[in-house]
Amino acid sequence: MSDTTAQDDWLQSSRAAVDRAELAADARTIGRVTSVADGIARISGLPEAPLGALLRFEGGQTGFAQALDAGEISAVLFDDVNGVEAGHQVTDSGDVVRVPVGEALLGRVLDPLGRPLDGGPMPEAEQRLPIERPAPTIIERDFVSEPMMTGVLVVDSMFAIGRGQRELIVGDRATGKTSLAVEAIINQKHTDMVCIYVAVGQRASAVERVIAAVREHGAPERCIFVVGNAGSAPGLQWIAPFAGMTIAEGFRDKGQDALIVIDDLTRHAATHRELALLTREPPGREAYPGDIFYLHARLLERAAKLPRSVGGSITALPIAETDAGNLSAYIPTNLISITDGQVVLNTQLFAANQRPAVDVGLSVSRVGGKVQAPALRSVAGRVRLDYAQFQELEMFTRFGGISSTRVKAQIARGERIRALLGQPRYAGLRLEDQTALLAALADGVLDGMPVEAVPALRQRLPGWLDTRGGEVLATLRADGTLGAEDRKGLSALVAELVAVVAVREAET
Ligand code: ATP
Ligand code: MG
């Protein structure tokens, strides 16, 4: 008896399943790999696949359509080429390349397709968004008005960066480009910003050092590392900055502020050139294909500030490498014209132990003072000019004695500025520290102290202000302004500390 009911049930559910099933012809174009080499597969028989289409290979590998020719497309592979052979079937997924976005990515180290590289599980994404998305239009943007402090005095005082700005970090090999960007990421531990570090074509050991530094000194739970290092497939390196930007947009669209560091676009350009030459695009200047400017412009245009009612902001710090300080090479000039300013790092300064080795004359922020807190702006005004004058004077006086007392005073001031601007790593200065140092400098408090004691002053200042600065710093901490009375008080506080460290210096 129970047997027959069970049979009836089964029969009924099967019938229902059959009724639900939709039967239709499934037409699918299948292409074939005609040849494969250097991470590129040539495919025939997929005439309708659009540029950027995500393609699936018979063995489970993926790639994207990079160039379309008559009767053939060139696909860049994301995986090892070894599994792909001529004759293999390829299907057009009908979709573009996407990356996961959302909170689940925070704290993770991922490849540019969102696959874990840190041994953790696959991140459970809220959404998967295309890596290529349109940039906000002019009308949709808002003014860059809020600061994104790096904690590095020379940058925050002279080349202030705002949320939503794009500032290029450019310099020769090993001049501290990555270190400066990492400093900016680490300093965001005091803010609510989400940081995304994108590595393109970097050595695995260098990426490892960045991750370790952020884990030790920063807020890694609000950072995401997107890694397409030198050993990754060229396709992965190529999409890395775009994937990073999409991840940043995921946070921006929820009203958050994101900082994206792209380390570096020179390598990215080289990868683009390599792929373009392999897909037989006509080479242009320095053998880069003609669309190299458009490639980086459409990437960096996506960094912007939106009105608060719509979303947050993306601040971009792309990095570029120069050769022998040549800023007018093709890729650096392109990037300089795309971004809102550049921080130029100088080999000679770096060698002379002036670190960060920022070249004050060549660096610029086209947003600058507008985003500085009023307190910092009020005390930072003259530093750049004083410093520039000092550098010129120093050159001239190197060969002879100094006569005028005015010149002597200018040189003494300049030496103290230089000592202040050098800053060890992982010792970011807060708004109040920077304001106090520059206020004291402008009031001549530092002129009498030995230059050798300046590092000690800078190092002890934050603690000094925390214990004694309560009243004087109240309004500065609340709204970023500094009244005349408070400014005097702040200078006096620094003067007390100057006396303490000067005595120490004299003893040693
Ligand atoms: P690459 O061209 O190899 O990418 P880079 O320009 O990114 O180099 P970094 O790797 O950031 O340079 O720095 C090179 C070296 O300089 C590192 O060993 C780092 O420890 C040191 N360095 C960078 N900035 C500072 C600093 N402010 N103080 C002391 N040392 C520093
Ligand atoms: Mg580097």
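With contacts defined as side-chain heavy-atom distances shorter than 4.5 Å, the pair V144/K370 does not qualify. Using a 4.5 Å heavy-atom threshold, the side chains of D263 and V198 count as separate. The closest side-chain heavy-atom distance from V226 to I196 is below 4.5 Å. Within the 4.5 Å cutoff, the side chain of N229 has no heavy atoms near those of the R203 side chain. Counting heavy atoms from C-beta outward, I185 and V210 have side chains that stay 4.5 Å or more apart. When side chains are defined from C-beta on, L327 counts as touching T322, because their heavy atoms get closer than 4.5 Å. In this structure, the side chains of R115 and L236 come closer than 4.5 Å at one or more pairs of heavy atoms. Considering only heavy atoms from C-beta on, V383 stays 4.5 Å or farther from D386 through its side chain.
Between the side chain of R302 and the backbone N or O of R298 there is no donor-acceptor pair closer than 3.5 Å. With hydrogens and angles ignored, the 3.5 Å screen pairs a side-chain donor or acceptor of R273 with a backbone N or O of E286. For the pair Q423 (side chain) and P356 (backbone), a donor-acceptor distance under 3.5 Å is absent. Judged by distance alone, the side chain of T266 and the main-chain N or O of A320 form no donor-acceptor pair under 3.5 Å.
Side chain to side chain, Q188 and T191 meet the donor-acceptor criterion of an N or O pair below 3.5 Å. In summary, the side chains of S363 and Q342 do not present any donor paired with an acceptor at a separation below 3.5 Å, with no hydrogens or angles considered. When only modelled atom types and interatomic distance are considered, N346 and T175 share no side-chain donor-acceptor pair under 3.5 Å. Q389 and Q410 share a side-chain donor-acceptor pair at under 3.5 Å.
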| request: Given side-chain contact (heavy atoms from CB on, under 4.5 Å), test N353 with R355 step by step and report yes or no. | output: CA-CA 6 Å; N353 244 332; R355 301 176 186 181; 3.5 Å; yes
| request: Starting from the C-alpha separation in whole Å, work towards a yes-or-no answer on ring pair (Phe, Tyr, Trp, His ring centres under 6.0 Å) for H296 and H272. | output: CA-CA 11 Å; H296 288 156; H272 184 67; 7.6 Å; no
| request: Starting from the C-alpha separation in whole Å, work towards a yes-or-no answer on salt bridge (charged side-chain N to carboxylate O under 4.0 Å, His left out) for K305 and E146. | output: CA-CA 10 Å; K305 179 160 185 336; E146 295 162 62; 3.4 Å; yes
| task | Please test R413 against D447 for salt bridge (charged side-chain N to carboxylate O under 4.0 Å, His left out), starting from the C-alpha separation and ending with a verdict. | result | CA-CA 6 Å; R413 174 70 58 93; D447 290 343; 3.0 Å; yes
| message | Is there a side-chain hydrogen bond (donor to acceptor under 3.5 Å, both in side chains) between S232 and D111? Walk through the geometry before answering. | response | CA-CA 9 Å; S232 310; D111 86 349; over 6 Å; no
| query | Does the pair E167 and T339 meet the rule for a side-chain hydrogen bond (donor to acceptor under 3.5 Å, both in side chains), with working shown? | reply | CA-CA 6 Å; E167 182 87 3; T339 49; over 6 Å; no
| task | Give the intermediate values and the outcome of side-chain contact (heavy atoms from CB on, under 4.5 Å) for residues Q256 and D192. | result | CA-CA 8 Å; Q256 280 177 277; D192 54 358; over 6 Å; no
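When every heavy atom of L110 is checked against every heavy atom of P116, the shortest pair comes out as CD2-CA, 3.8 Å. The two residues T150 and A184 come nearest to each other via the heavy atoms CG2-CB, 3.9 Å. Annotation for T315 and R163: closest pair OG1-CA, 3.3 Å, computed over non-hydrogen atoms. Taking both residues in full, the closest heavy atoms of D486 and V472 are given as O-CG1, 3.2 Å, listed atom of the first, atom of the second, then distance. Between E274 and P234, the closest heavy-atom pair is OE2-CG, 4.1 Å. Here the closest non-hydrogen pair linking L429 and Q434 is O-NE2, 3.2 Å.
Comment: D264 does not engage K177 in a salt bridge, judged by the lack of any side-chain N to carboxylate O separation of less than 4.0 angstrom. One finds a salt bridge joining R267 and E321 here, because a Lys/Arg side-chain nitrogen approaches an Asp/Glu carboxylate oxygen to under 4.0 Å. Ionic pairing of D433 and R460 is not present here: no N-O contact between side-chain nitrogen and carboxylate oxygen is shorter than 4.0 angstrom. Looking at R108 and D118, a side-chain N of the basic residue comes within less than 4.0 Å of a carboxylate O on the acidic one, giving a salt bridge. In summary, R133 and E249 engage in a salt bridge, as defined by a charged side-chain N under 4.0 Å from a carboxylate O. At a threshold of 4.0 Å, the pair R166-E301 counts as salt-bridged, since one of the basic side-chain nitrogens sits closer than that to a carboxylate oxygen. Of the charged side-chain nitrogens involved, none lies within less than 4.0 Å of a carboxylate oxygen, so that E221 and K189 do not count as a salt-bridged pair.
Shown here is E208, whose CD atom has no more than 12 heavy atoms of other residues, nucleotides or ligands within 6.0 Å. A 6.0 Å sphere centred on CD1 of I138 holds no more than 12 heavy atoms belonging to other residues, nucleotides or ligands. Under a cut-off of 6.0 angstrom, the local environment of CZ in R308 is crowded, with over 12 non-hydrogen atoms contributed by other residues, nucleotides or ligands. At most 12 heavy atoms of other shown residues, nucleotides or ligands fall within 6.0 angstrom of atom CD in E392. Crowding of R504 atom CZ: a count of heavy atoms from other residues, nucleotides or ligands under 6.0 Å not exceeding 12. By the neighbour-count criterion of 12 heavy atoms within 6.0 Å, atom CD of Q391 is densely surrounded, having more than that number from other residues, nucleotides or ligands. More than 12 heavy atoms of other residues, nucleotides or ligands lie within 6.0 Å of CZ in R285, so this atom counts as buried by the packing criterion. Counted within 6.0 Å of CZ on R477, heavy atoms from surrounding residues, nucleotides or ligands total more than 12; the atom is thus considered enclosed.
How far CG of L317 is from CD1 of I161: 5.0 Å, rounded to the nearest 0.5 Å. How far CG of L306 is from CZ of R252: 5.0 Å, rounded to the nearest 0.5 Å. The line from CZ of F293 to OG1 of T333 is 9.0 Å long, rounded to the nearest 0.5 Å. Between the CG atom in L490 and the CG atom in D443 there is a gap of 9.0 Å [rounded to 0.5 Å]. Within the model, atoms CG of L376 and CG of L482 stand 10.0 Å from one another, a figure rounded to the nearest 0.5 Å. Taking CG of L168 as the start and CG of L265 as the end, the distance is 8.0 Å to the nearest 0.5 Å.
For residues 447-484, no pair satisfies ring pair (Phe, Tyr, Trp, His ring centres under 6.0 Å), with sequence neighbours left out. Evaluation of the ring pair (Phe, Tyr, Trp, His ring centres under 6.0 Å) test over residues 317-351, restricted to residues two or more places apart or in two chains, returns Y288-Y330. Pairs engaging residues 189-226 under the ring pair (Phe, Tyr, Trp, His ring centres under 6.0 Å) rule: H217-Y426 [sequence neighbours left out].
Only one option out of S313, C223, C195 pairs with L259 in a side chain to side chain contact (heavy atoms under 4.5 Å, CB included); it is C195. For the side chain to side chain donor-acceptor pair (under 3.5 Å) with R430, the qualifying choice from D466, T435, N187 is D466, the only one to do so.
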